[in-house]
Amino acid sequence: MSKIKSDRRYKMIKEKLSLLVKEALEKAQLKGELPIEEIPEIAMEHPREKAHGDWATNIAMILAGEVKMPPRAVAQIIVMSLGDVRKYLSKIEIAGPGFINFYLSNEWLYEVLEVIRQEGEKFGHSQAGRGKRVLIEFVSANPVGPMHIGHGRWAAVGDTLANVLTASGYNVEREFYINDFGNQMNIFAKSVAIRYAQLLGLDVLFPEDGYQGEYIKDIAREIIAKEGDKYLDISKEQRELIFKERAYLQVLEHLKRTLEKMGVIFDTWFSERALHESSAVDKAIEELRERGFVYDSEGAVWFKATAFGEEKDRVLIRANGEPTYFAADIAYHKNKLERGFNEIINIWGADHHGYIGRMRAATQALRYPADRMEIIIGQLVNLLRGGEPVRMSKRTGEMVTLDELLAEVGRDAVRFFFLMRSTDSPLDFDIELAKQESNENPVYYVQYAHARISSIIRFAEAEGVDLSGRVDYRQLETEPELDLIRKLGEWPEVLERATRQRAPHPLTAYAQELASAFHYFYTKCRVVSENKELSAARMSLSEATRTVLRSVLAILGVSAPERM
RNA sequence: GCGCCCGUAGCUCAGCUGGACAGAGCAUCGGACUUCUAAUCCGAGAGUCACAGGUUCGAAUCCUGUCGGGCGUGCCA
């Protein structure tokens with residue numbers, strides 16, 4: 001077994017095969033067998049069917065039209081022109097309408113295990129990002145109440161995406177934008193102040209537009225518990241002013257705690273209010289005005305979004321003199337872009353998607369390249385309990401909070417469930433299902449595989465199976481064993497795809513597939529037996545599986561239990 | 001009305017830059033534990049990929065239109 005630093009060598013099998021085919025094409029071109037002008041990109045893919053080999057290319061079909069030959073004939077010429085490929089491949093065939101199928105040699109598969117042994121949990125990670133700085137902004141819940149279920153999805157997706165990009169060699173920062181400014185903060189403060197007074201026996205009417213939720217009373221109770229009724233003596237206005245600060249900090253702490261329970265730690269908590277206080281908002285508007293994208297009308301200040309193909313212009317400063325949320329957001333994005341990130345990613349709920357156009361228009365008006373900012377729009381979450389929708393109303397404050405969900409379901413299942421679906425799909429979250437410790441629950445399926453492997457390894461070690469010396473991987477030759485190795489070998493590709501798509505959900509699918517491949521191997525192959533060589537090889541395979549499983553779960557932010 | 005997302009097996013969903021007879025989990029039915037964790041495994045049935053055109057050697061995938069669903073379309077955030 002070669003000791004070459006070969007994670008690259010492994011990951012490059014695809015490139016290697018492409019190169020071999022390219023060389024074959026050049027040779028055929030030179031000999032005049034294939035009259036082609038230019039050699040196109042050669043695509044390599046995993047055939048859906050196992051019977052079609054490990055890799056396949058459709059290049060012959062692509063070229064068939066140009067050279068006016070049947071695809072299979074083109075494929076024949078390519079195969080004949082291939083150099084020595086025996087060290088990589090056990091078989092090459094032409095199949096179907098003109099595919100060229102490649103079958104990897106076992107030797108090559110064994111190398112995957114050796115690479116995993118050397119690389120450990122770094123196996124599959126890459127330097128694709130070349131250290132580029134990426135800022136991911138997500139959750140950014142309003143600090144006027146507890147987070148709801150939807151925020152949980154963005155927390156899981158944002159955090160995992162950050163992990164994915166980190167594993168791919170990007171330099172990632174997580175940021176939470178705090179909307180601690182504007183009218184909602186005033187309403188919030190007023191709500192708390194009135195509940196405070198009511199709880200202390202005053203007969204005050206709760207306003208129509210106040211926040212109804214029970215948590216407002218909780219905050220008021222907390223203030224009473226800590227500071228008593230001392231705020232009753234001051235004026236209503238003063239009380240609200242003080243409470244705005246007091247209650248807001250309390251909610252912010254609460255948000256942080258909840259997110260920590262989700263396993264999410266932000267690098268930066270960015271305050272909207274700070275943007276106003278530092279006149280960054282004014283400056284941003286001024287800059288836009290200098291560039292000719294701002295005008296005054298009907299007493300308000302407008303941004304000329306229509307200059308960038310938008311349907312209508314948008315207000316930056318209202319007729320009453322108050323800046324809009326949009327104005328602050330422009331300043332915020334200007335700030336983000338000025339911090340020198342190669343890319344900024346925003347994760348927004350589908351209810352904000354109408355906002356994308358104007359935000360893009362604004363960044364363009366500030367002369368930032370359009371591709372510097374990526375906006376991921378996530379569809380919303382439907383909460384179910386035993387198949388029945390859970391009714392929620394923001395108005396009445398009747399809703400299931402993320403805290404309650406975490407308490408009831410637990411972090412691992414919450415994260416896994418939130419990550420299972422593409423963000424383009426609305427997500428049905430069934431509390432009963434997530435809680436079930438049964439085969440209906442994919443979280444436990446994956447975790448069980450990890451616990452099972454751990455158990456086997458404990459047993460094997462106790463039985464004296466020794467991996468310290470050279471392991472003869474050639475002992476592994478049955479289908480369940482080789483399939484498991486192939487699945488392990490897919491991990492770098494899965495991570496690469498998740499990175500490219502900026503989407504975590506391929507990882508949960510892969511975790512399940514890998515667990516499945518292991519469970520199958522386990523039922524077919526006894527790890528610890530009298531055959532020392534075989535035992536060592538199979539234990540090594542188990543160990544490699546555990547390593548990759550851990551790595552995947554770590555990126556998902558889900559624990560990998562040793563026992564279950 | 002317009003914009004974005006979606007429409008794939010009974011249910012929930014994958015399907016990456018178009019490729020070889022459409023996949024997974026759950027549910028249903030039938031099997032497998034004296035041996036390293038049965039929270040497991042094996043097998044079976046189940047789909048005109050919403051519909052109609054088009055591009056292509058080839059379309060669930062790309063284009064156009066129709067129907068159905070979600071979200072948005074504020075001087076709210």
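In what follows, chains carry the letters A, B, and so on, assigned in the order in which the sequence lines appear, proteins first and then strands, with residues in each chain numbered from 1.
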Which nucleotide wins on minimum distance to the side chain of A/Y325, given the candidates B/C71, B/C16, B/A77? B/A77
Mark up nucleotides 31-38 of chain B, 5' to 3', with B wherever a protein heavy atom is under 4.0 angstrom from a base atom, S wherever such an atom reaches only the sugar-phosphate, and - elsewhere. ----BBBS
Tell me what A/H519 touches on the nucleic acid: a base, only sugar-phosphate, or nothing, going by heavy atoms under 4.0 Å. sugar-phosphate
With sugar-phosphate meaning primed atoms plus P, OP1 and OP2, does A/Q512 contact a base, only sugar-phosphate, or nothing at under 4.0 Å between heavy atoms? nothing
Run the side chain to side chain contact (heavy atoms under 4.5 Å, CB included) test on A/Y332 and A/E175 for me, step by step, so that the C-alpha distance in whole Å, both residues' side-chain angles and the decisive distance to 0.1 Å come before the verdict. CA-CA 12 Å; A/Y332 176 46; A/E175 185 157 301; 2.7 Å; yes
Taking the side chain of A/E311 as heavy atoms from C-beta outward, which of B/G1, B/C41, B/C75 is closest to it? B/G1
Identify whether NZ of Lys or CZ of Arg in A/R502 sits under 6.0 Å from the centre of the six-membered ring of A/Y170 and within 45° of that ring's axis. yes
When the distance from CG of A/N58 to P of B/U17 is rounded to whole Å, what number comes out? 14 Å
Just to be sure I understand the rule, does A/A64 reach a base, reach only the sugar-phosphate, or reach nothing, if contact means heavy atoms closer than 4.0 Å? nothing
Interatomic distance at C1', B/G19 relative to B/A59, whole Å: 9 Å
Are any of A/R318's side-chain N or O atoms less than 4.0 Å away from OP1 or OP2 of B/G74? no
Roughly, in whole Å, what's the span from CD1 in A/I377 to C1' in B/C6? 14 Å
Describe the nucleic acid contact of A/D428 in one word from base, sugar-phosphate, nothing, applying a heavy-atom distance below 4.0 Å. sugar-phosphate
Quick check for you: among B/A39, B/C5, B/U12, whose closest atom lies nearest to any side-chain atom of A/Q379? B/C5
Any side-chain N or O of A/H505 below 4.0 angstrom from OP1/OP2 of B/G15? yes
Does A/A350 reach a base, just sugar-phosphate, or nothing at all? Heavy atoms under 4.0 Å. sugar-phosphate
Ring-ring centroid check A/Y448 A/Y445, cutoff 6.0 Å: no
Against the side chain of A/K312, the closest entry in B/U73, B/A20, B/C6 is B/U73
Relative to the ring of A/F429, is the ring of A/F418 parallel (under 30°), tilted (30 to 60°) or perpendicular (over 60°)? tilted
Distance, rounded to the nearest Å, where A/K68 contributes NZ and B/C57 contributes C1': 14 Å
C1' spacing across the pair B/G31 / B/G45, given as an integer number of angstrom: 15 Å
What verdict does the salt bridge (charged side-chain N to carboxylate O under 4.0 Å, His left out) test give for A/R358 and A/E311, after you've listed the backbone C-alpha separation in whole Å, the side-chain angles of each residue and the deciding distance to 0.1 Å? CA-CA 9 Å; A/R358 76 191 73 163; A/E311 202 167 328; over 6 Å; no
Side chain to side chain contact (heavy atoms under 4.5 Å, CB included) partners of A/A60, counting only residues at least two apart: A/V74, A/A75, A/I78
Mind checking the C1' distance from B/C57 to B/G7? Whole angstroms is fine. 29 Å
With sequence neighbours excluded, what pairs up with A/Y248 under the ring-ring contact (aromatic ring centres under 6.0 Å, His included) test? none
Look at the side chain of A/A319 and decide which nucleotide, out of B/C75, B/C71, B/C21, has an atom nearest to it. B/C75
In terms of the nearest nucleotide of RNA chain B, which residue is placed more toward the 5' end: A/R421 or A/G299? A/R421
Among B/A14, B/A77, B/C71, the nucleotide that comes nearest once only the side chain of A/T324 is considered: B/A77
Measure from CG on A/N142 to P on B/C76 and round the result to the nearest Å. 15 Å
Applying side chain to side chain donor-acceptor pair (under 3.5 Å), run through A/Y325 and A/Q184 and close with a yes or a no. CA-CA 11 Å; A/Y325 175 83; A/Q184 58 166 0; over 6 Å; no
Separation of atom CG in A/L384 from atom P in B/C26, rounded to whole Å: 19 Å
Syn or anti for B/C33, please, going by whether the chi angle lies within 90° of 0. syn
If we take the C1' atom in both B/C6 and B/G15, what is their distance in whole Å? 15 Å
Can you say whether the rings of A/Y355 and A/H352 are parallel (under 30°), tilted (30 to 60°) or perpendicular (over 60°)? perpendicular
Whether A/F308 and A/F293 hold their rings parallel, tilted or perpendicular, with breakpoints at 30° and 60°: tilted
When you compare the ring of A/F99 with the six-membered ring of B/A20's base, are the centres less than 5.5 Å apart and the planes under 30° from each other? yes
Please classify the nucleic acid contact of A/A56 as base, sugar-phosphate, or nothing, using heavy-atom distances under 4.0 Å. base
Could you summarise the pairing of RNA chain B as dot-bracket text, marking Watson-Crick and G-U pairs under 3.5 Å with ( ) or [ ] inside the strand and | across strands? (((((((..((((.....[...)))).(((((.......))))).....(((((..]....))))))))))))....
Could you check which of B/A77, B/A20, B/C71 has an atom nearest any side-chain atom of A/A95? B/A20
Euclidean distance, atom CG of residue A/N320 to atom C1' of B/G74 [Å, nearest integer]: 14 Å
List the residues meeting side chain to side chain contact (heavy atoms under 4.5 Å, CB included) with A/D483, not counting sequence neighbours, and say none if there are none. A/K50, A/E479, A/R486
N/O (side chain, A/T508) to phosphate O (OP1/OP2, B/G25) under 4.0 Å: no
Starting from the 5' end of RNA chain B, give me the residue, A/N101 or A/D424, whose nearest nucleotide shows up first. A/D424
Report the distance from atom CD1 of A/I375 to atom C1' of B/C5, rounded to the nearest whole Å. 15 Å
Taking any heavy-atom pair under 4.0 Å as a contact, classify A/H352: base, sugar-phosphate, or nothing. base
Could you check whether A/P47 gets within reach of a base, just the sugar-phosphate, or nothing at all, counting any heavy atom under 4.0 Å? base
Rounded to whole angstroms, how far apart are CD on A/E513 and P on B/C41? 13 Å
Name each donor-acceptor pair under 3.5 Å that joins a side chain in residues 297-306 of chain A to protein atoms two or more places apart or in another chain, with its distance.
unit_1	atom_1	unit_2	atom_2	d
A/W302	NE1	A/S297	O	3.0
A/T306	OG1	A/D313	OD1	2.6

